[in-house]
Amino acid sequence: MSGPAATSLSEAAAATRSITMPDSLRKLIRLLLGLAIAAVIWEGAVILFGIRPYYLPRLSTILLAMAATPRAYVDGFLRTLAETLIGFASGGAFGVLMGIVFFRVRALREMIFPIFVVSQTIPVIAFGALVVLWFGNTLLAKAIIAFYLTFFPVTVNTLLGLETVDPKQVALMRSFGASNRQLLLRLQLPTALPQIFVALRLAASLSLVGAIVGEWFGDTTGLGVLLLQAMFTENVVAIWGALLAAALLGTGFYAVVAAVERRLVFWSAEQ
């Protein structure tokens, strides 16, 4: 086919390509559609099977209860978010730093790394009680508990990632006069980034757990406080409300870390 008809078809095809949805928008639509389907299944299953509210309330009931006291959930969400972010950021930075130190100084690894391992055998409840005793019911205390659960997996994965660097690549860069700093920034850390982000994605969930557990030792604001109050009063709807808010926070935080990983470790996706 040639002439005006072919031109019109090519223009139409080009127009179709130009209005194709961006990949990110398509993923967002799929996510929202999946959530809508899950909500309908939840609501329908409770009604269809006659599940008692004590075990599983209707989703609409939970959302209405949350809407009736929005300030408590918003304040709790923001407080727990702050504790989680501080613990995650400090634990992640400390973990990467210690992984580099252990990689560079084997003697320190042999002396200090076993202490890190032993520290992780202490139950978070026991460690949290001690931290709250030292620092009181403060945001800092909850952030320290989140830090405690975050730094170790990041340390381990940073060390593992650095040890995967090909010695031949190191020798090649050395032959061109690369310094230790240049080796670290241009070869070793980029090579270790996929492993580091595996730990950071795990730490995104662990830091939230640490923040919520820390709030159980006494506080006035936070998702852990809402959950504990609902447990004491046996308010099942409020328990589910706190769980939904925590799930929203955890999922959103994990998604942000995964998005940063896709941006920084782009070569991993290409492979």
Side-chain angles (χ1 to χ4, degrees), residues 19-85 87-88 124 146 149-150 153 197-216 221-263 265 268-269:
I19 62 174
T20 301
M21 283 188 298
D23 219 28
S24 56
L25 180 59
R26 189 182 297 110
K27 290 180 180 178
L28 177 60
I29 292 175
R30 288 176 181 172
L31 174 62
L32 295 177
L33 182 60
L35 291 175
I37 292 173
V40 170
I41 292 174
W42 182 340
E43 190 81 7
V46 173
I47 297 173
L48 181 63
F49 297 107
I51 302 175
R52 293 172 55 192
Y54 182 81
Y55 296 104
L56 181 63
R58 292 170 58 177
L59 179 60
S60 58
T61 303
I62 299 170
L63 295 178
L64 287 173
M66 295 174 70
T69 55
R71 184 63 183 270
Y73 287 97
V74 171
D75 290 347
F77 186 95
L78 294 177
R79 174 60 181 260
T80 303
L81 174 61
E83 296 162 353
T84 302
L85 283 176
F88 174 84
V124 64
L149 292 179
T150 299
F197 269 101
V198 169
L200 289 177
R201 282 188 273 115
L202 173 64
S205 300
L206 292 176
S207 58
L208 174 60
V209 171
I212 290 177
V213 169
E215 291 169 353
W216 287 355
T221 309
L223 296 180
V225 175
L226 293 177
L227 184 59
L228 199 62
Q229 291 173 345
M231 289 172 60
F232 282 146
T233 59
E234 296 186 358
N235 188 340
V236 179
V237 173
I239 291 175
W240 278 98
L243 289 177
L244 286 180
L248 176 63
L249 174 55
T251 303
F253 194 17
Y254 183 95
V256 169
V257 175
V260 173
E261 178 183 11
R262 285 193 298 271
R263 180 62 63 90
V265 197
S268 180

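From a predicted model like this one, the values you see are computed outputs, not experimental measurements.
Side-chain contact between Leu59 and Leu244 is present, with at least one heavy-atom pair separated by less than 4.5 Å. Counting heavy atoms from C-beta outward, Phe88 and Leu200 have side chains that approach closer than 4.5 Å. Two residues are said to be in side-chain contact when any heavy atoms from C-beta on lie closer than 4.5 Å; Ile62 and Trp42 meet this criterion. Counting heavy atoms from C-beta outward, Val236 and Tyr55 have side chains that stay 4.5 Å or more apart.
Taken from CG in Leu33 to CD1 in Ile37, the straight-line distance is 4.0 Å, to the nearest 0.5 Å. Rounding to the nearest 0.5 angstrom, the gap separating the CG atom in Leu249 from the CZ atom in Phe77 is 4.5 Å. In this structure, Ile239 CD1 and Leu226 CG are separated by 11.5 Å, a value rounded to the nearest 0.5 Å. Leu25 CG to Arg30 CZ: the interatomic distance, rounded to the nearest 0.5 Å, is 11.0 Å. Atom OG1 of Thr80 is separated from atom CG of Leu227 by 10.0 Å, given to the nearest 0.5 angstrom. The line from CZ of Phe253 to OG1 of Thr84 is 7.0 Å long, rounded to the nearest 0.5 Å.
When all heavy atoms of Ser207 and Ala146 are compared, the closest pair comes out as O-CB, 3.4 Å. Between Ala204 and Val257, the shortest heavy-atom distance links the atoms CB-CG2, 4.1 Å. In plain terms, the two heavy atoms of Trp216 and Leu228 that are nearest each other are O-CD2, 3.6 Å. Closest approach of Ala199 and Pro153 over heavy atoms only: CB-O, 3.3 Å. Considering every non-hydrogen atom in both Glu215 and Leu223, the closest pair reads OE1-N, 3.3 Å. When all heavy atoms are compared, the tightest approach of Val237 to Ala65 is CG1-CB, 3.6 Å.
For the pair Thr221 (side chain) and Arg79 (backbone), a donor-acceptor distance under 3.5 Å is absent. Judged by distance alone, the side chain of Thr233 and the main-chain N or O of Ala230 form a donor-acceptor pair under 3.5 Å. Side-chain atoms of Glu43 come within 3.5 Å of backbone atoms of Ser60 as a donor-acceptor pair (strictly under, hydrogens ignored).
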Determine, stepwise, if the pair Trp240 / Leu56 fulfils side-chain contact (heavy atoms from CB on, under 4.5 Å).
CA-CA 8 Å; Trp240 278 98; Leu56 181 63; 3.5 Å; yes
Check the pair Val265 / Phe197 against side-chain contact (heavy atoms from CB on, under 4.5 Å), numbers first and verdict last.
CA-CA 9 Å; Val265 197; Phe197 269 101; 3.7 Å; yes
